[in-house]
Every structure is written in C-alpha cells, then in structure tokens.
Amino acid sequence: MEKCKNYINGQWIESSSGDVIEVNDPATGKIIGEVSCASQAEVDLAVDAALQAHQSRVLIDMLPMERARLMRSIAAELRKVANEGGELLCRENGKALPNAIFEFVDAANYFDYYSGLTDKLEGNTIPVNNSVIDYTLLEPYGVSAHIVPWNFPMSMLARSLACAFAAGNSTVIKTAELTPLATASHFTKAISNAGVPAGLINVICGYGHEAGSMLTAHKDVSQITFTGSVLTGKKILHAAAERAIPAVVELGGKSAAIVFPDADLDKVVAAAKGGIFGQAGQICSAMARVVVHKSVKDELVEKLAEMASGLKVGAGNVNGVELTPLISEQQLQKVENFSRSGQQAGAEAVAGGKRIDRDGYFFEATVFDNVKPDMTIAQEEIFGPVLSVLTYEDKDEAIHIANDTAFGLAAGVFTKDINQATETVNQMQAGQVYVNSWFTGSVATPFGGYKQSGYSREKGQEAIKSYLQVKNVGIQL
Ligand code: NAD
C-alpha cells in the first residue's frame with residue numbers, strides 16, 4: 001500500500017491533523033494507498049515556503065541558461081521515474097498503462113519545451129521622447145497556485161507548472177483527491193533529485209473544498225491556475241476576484257465533430273475510438289458528439305456501433321486494453337443517469353447503454369443514435385464513454401448544432417474538401433479544431449476554450465503571458 005505525504009520546502013511532511021485520504025483502484029474498487037490530507041497549517045506552510053523562495057530571488061536571479069538547465073534536469077528525472085510512476089498512476093486513475101507512462105513523458109516534454117523560453121522573455125523599448133529611455137520588463141507574479149484535476153494528474157500539472165517555473169514563479173500545487181499518489185511520490189522525487197531549490201515547488205494533497213479553497217483564498221498567493229469543471233472554475237474565479245488576482249481557467253467541454261457526405265467514415269470511426277472511448281471518455285476535449293449528414297448517417301452509425309461493441313474491456317494494466325474503468329462509483333452513477341435520460345428522451349442506444357457487471361466502475365462503450373440537439377445528452381458534459389450522434393440536412397444546420405452548447409473547447413470537421421474544411425473551421429466556436437482527426441496537438445500548440453470552457457490558453461508560447469506581469473520603466477536622461 002502506497003503512503004504519501006505533502007512535499008513542502010523540500011521535505012515530505014505529514015499533515016498536523018493526522019487525517020488521510022484513501023485512494024482506490026477504479027478497476028477493482030480496492031484501496032491501494034493513502035495520502036496525508038493537508039489542513040490550513042500545511043497550506044500556510046506551503047505558501048510560506050513558496051513566498052520565502054520568491055523573496056529570496058533564487059529563481060528570479062538565476063541566469064536564464066541555468067534556469068533552463070534546471071528545467072532540463074527535471075525533465076530527465078521525470079523520464080527516469082516514468083515507468084514506475086506510470087504504473088502507480090495507471091492503478092489510481094484506471095487509464096491504460098502506456099497512457100499513464102506517457103503522462104510522465106509528456107510532463108518531461110513540458111519542462112524541456114519551456115526551458116527553451118527562459119532566455120526569450122524579452123520586453124520592448126518604447127519611443128517616448130529624446131530625453132527618456134522607456135522599456136518594459138517581464139516579471140513573475142510570485143506565488144502561483146495550481147489546482148489539478150484527476151483525469152490527467154501529471155500532464156495537466158506539468159503543462160502549467162513548467163510554464164510558471166520558466167517565467168520565474170514559485171509554486172504550490174494541490175493534487176486531485178482521487179489521484180494524488182503518483183504526483184505526491186514519483187513527481188516529488190523527480191523534483192528533489194533534480195536539485196530544485198527548496199520552496200520553489202511545493203505539492204500538497206487535500207480536498208478541493210478544504211485545502212483547495214484555502215489555497216486560492218490565501219493572502220500570499222498572487223496567481224491561480226485551475227483545470228477542472230465549470231462549476232469549480234466559477235468558484236475559483238470568485239476567489240480570485242475577491243483578492244483581485246489573475247486566474248487561468250481550463251474547464252469542461254461537449255465537443256462535436258461535423259461529418260460531411262464526402263468524409264472518409266473510417267477516419268471518423270478511428271477518431272471516435274480514441275476521442276470518446278479512450279480513457280473511458282474522461283477527457284475534457286473528448287469527441288462527445290458526431291453531427292453527421294443524413295445521407296451517410298446509417299452507414300456511420302453501423303460502423304461506430306460495431307467498433308464500440310468490439311472494444312477490449314479491462315483494467316489499465318491489461319495488455320491492449322481499449323475500454324478502461326471510470327474513476328469512481330459516483331462517476332459511474334452519473335454516467336448511468338445520463339444514459340437513462342437519453343433513452344427516456346427517445347435516443348436509441350445502438351451500442352452499450354449500461355454499466356458492466358464486474359468489479360470496479362466500468363460502463364459499456366455507448367453510441368446513441370437519434371439524438372436531438374436539445375436533449376440533455378447532447379448538451380451536458382457526461383465525462384464517460386458515451387457518444388451522441390445527431391443528424392443534419394444542410395451545412396448551416398450542422399454548424400448551428402455543433403456550436404449550440406454552453407461549451408467551446410474542441411471541434412472537428414471531416415471532409416476531403418479543403419475549402420469546405422477551412423470555411424467550417426472559421427465558423428466553429430471552439431479553442432481548437434481538428435480536421436479529419438482528433439487530438440492532434442502537442443506541448444507546443446496553444447490549448448484552451450471558448451465560452452464556458454474557459455478563456456485562458458495553456459501550452460505553446462502563448463501560455464507564458466499568463467505567468468508574467470509587465471513593468472514599464474521610464475528613465476529621464
Ligand atoms: P473538479 O472541478 O471537481 O476538481 C478539479 C480540482 O479542483 C480538484 O483538484 C479539486 O480538489 C479542486 N477543487 C474542487 N473544489 C474546489 C474549490 N472550492 N476550491 C479550490 N479547488 C477546488 O474537476 P474534476 O472532476 O477533477 O475534473 C474533471 C473536469 O475537469 C471536467 O469538467 C473536465 O472537462 C475538466 N478538465 C478540463 C481540462 C482543460 O484543459 N480544459 C483538462 C482536464 C479536465
């Protein structure tokens with residue numbers, strides 16, 4: 001059984017309350033570990049450690065080349081623990097083992113990528129008049145708080161942390177209560193082995209409504225990055241507004257792919273396999289809806305149903321597994337309720353539609369045909385392996401249906417006609433649009449939402465702006 005502590009000021013420490021959070025394996029429901037649950041005392045210690053590190057200027061005064069070298073050491077240490085850390089992440093999250101190992105590799109990629117920006121944080125010189133030299137400096141905020149979701153504990157953490165660190169901020173990370181183990185153990189080990197000075201990166205474990213809200217309300221936190229649900233995102237924005245500090249928010253989605261009559265339907269099926277059934281659909285930018293032209297609807301639905309029914313079901317560490325469990329009993333019940341509501345509203349489950357009768361929290365790969373745009377299963381984020389198929393007759397209707405939800409995270413277009421593709425892309429209200437594929441991004445591509453999916457951008461060069469403030473300097477000659 002894995003037992004983990006909080007990592008504060010370079011030390012692993014227990015919570016003063018003695019409280020722990022138990023963590024289970026979603027494939028069996030059995031307890032596999034516990035973490036020490038941070039209370040106000042540990043939140044204060046972590047923020048104080050970060051503040052001291054910031055005020056010591058250890059990172060700010062480090063030569064950019066040195067900061068880059070330190071970040072590459074973190075990347076190297078993350079790669080060293082990738083296999084072991086990935087195994088633990090696979091067990092606590094339920095995701096397929098190769099994907100869990102890749103999260104550590106992806107985390108390393110973020111540190112490598114952002115290490116390249118440390119010596120490119122350049123300001124401007126601004127012409128004012130002949131007797132003034134005016135220029136801008138880009139400076140870190142200070143203590144940056146990162147609140148992480150359970151679905152990608154390592155890669156979501158690294159995508160914001162590496163960027164904040166490259167910009168010179170000190171950080172406090174709150175892990176997700178359902179999946180804290182790999183972060184609290186293998187990630188903190190990598191940070192320590194890389195020689196990161198004490199206090200620059202602190203990791204606490206705890207519940208969102210306790211440690212999470214204590215952290216976002218803390219008087220010494222200067223910037224917040226939150227990845228999670230819309231509901232919690234709004235609470236974070238309230239907390240940030242109370243203290244007038246900036247917040248990065250990356251929220252949920254209900255993304256749609258438009259399928260034109262000329263599309264390669266096998267590409268749509270391949271995209272849906274990873275896009276909605278990968279990680280049991282628990283991906284913010286999942287391909288949750290297919291909006292297909294009526295002339296090819298029956299053929300596509302048949303192919304989708306055949307693919308969904310044939311997926312190999314099992315725990316994440318089973319070789320070649322394609323459908324893994326949901327994160328918890330609560331999530332499983334939520335997905336069951338959505339599925340029931342779809343059937344009651346008149347949608348037809350042509351594949352799946354119910355929980356799987358075995359240990360753990362498994363739900364069948366489900367394809368709903370005859371979904372209407374106003375149904376709950378067409379509007380709300382299910383966060384499960386449930387694909388809704390909607391039908392259209394003309395292009396304007398397709399675009400209207402695709403855009404007609406509160407979210408705007410991702411979207412897709414399937415067509416062989418490049419003009420049709422680009423015209424449609426221009427009309428999609430989403431932060432990223434994939435053509436003839438799904439999930440094409442990398443650490444270098446900006447990622448974020450439109451509408452309720454959040455307004456921030458993470459990844460790529462764009463993201464660094466969220467972790468820097470601009471100082472204007474005027475020198476009278
Ligand atoms: P969640 O909002 O329940 O929790 C996210 C994190 O916030 C957790 O660490 C939780 O402990 C913490 N939290 C909860 N209440 C809090 C509070 N009052 N104050 C501070 N912190 C609090 O989300 P989840 O269920 O962990 O994650 C799933 C959601 O995340 C989905 O909606 C998904 O779409 C979204 N998500 C978005 C992205 C993105 O990049 N846009 C990526 C991954 C997940």
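Quick note: numbers below take in every heavy atom, side chains included, and nothing from hydrogens, waters or symmetry partners. One-based numbering, in listed order, for ligands and for the atoms of each.
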> Parallel, tilted or perpendicular for Phe439 and Tyr434, by the 30°/60° rule?
perpendicular
> Kindly tell me which protein residues have any non-hydrogen atom under 4.0 angstrom away from an atom of ligand 1, grouped by chain and ordered by number?
Ile147, Val148, Pro149, Trp150, Asn151, Met156, Arg159, Lys174, Thr175, Ala176, Glu177, Gly208, Gly212, Ser213, Phe226, Thr227, Gly228, Ser229, Thr232, Lys235, Ile236, Glu250, Leu251, Gly252, Cys284, Glu381, Phe383, Leu409, Phe447
> Testing the 3.5 Å rule here: is there a donor-acceptor pair between the side chains of Ser144 and Gln223?
yes
> Surrounding CD of Gln11 (heavy atoms of other residues, nucleotides or ligands, distance under 6.0 Å), is the total greater than 12?
no
> Are Phe277 and Trp438, when compared by the centres of their aromatic rings, separated by less than 6.0 Å?
no
> Taking it one step at a time, do Asn83 and Glu87 satisfy side-chain hydrogen bond (donor to acceptor under 3.5 Å, both in side chains)?
CA-CA 6 Å; Asn83 284 342; Glu87 273 172 33; over 6 Å; no
> For residues 158-194, pull every pair meeting ring-ring contact (aromatic ring centres under 6.0 Å, His included), keeping only residues two or more places apart or in separate chains.
none
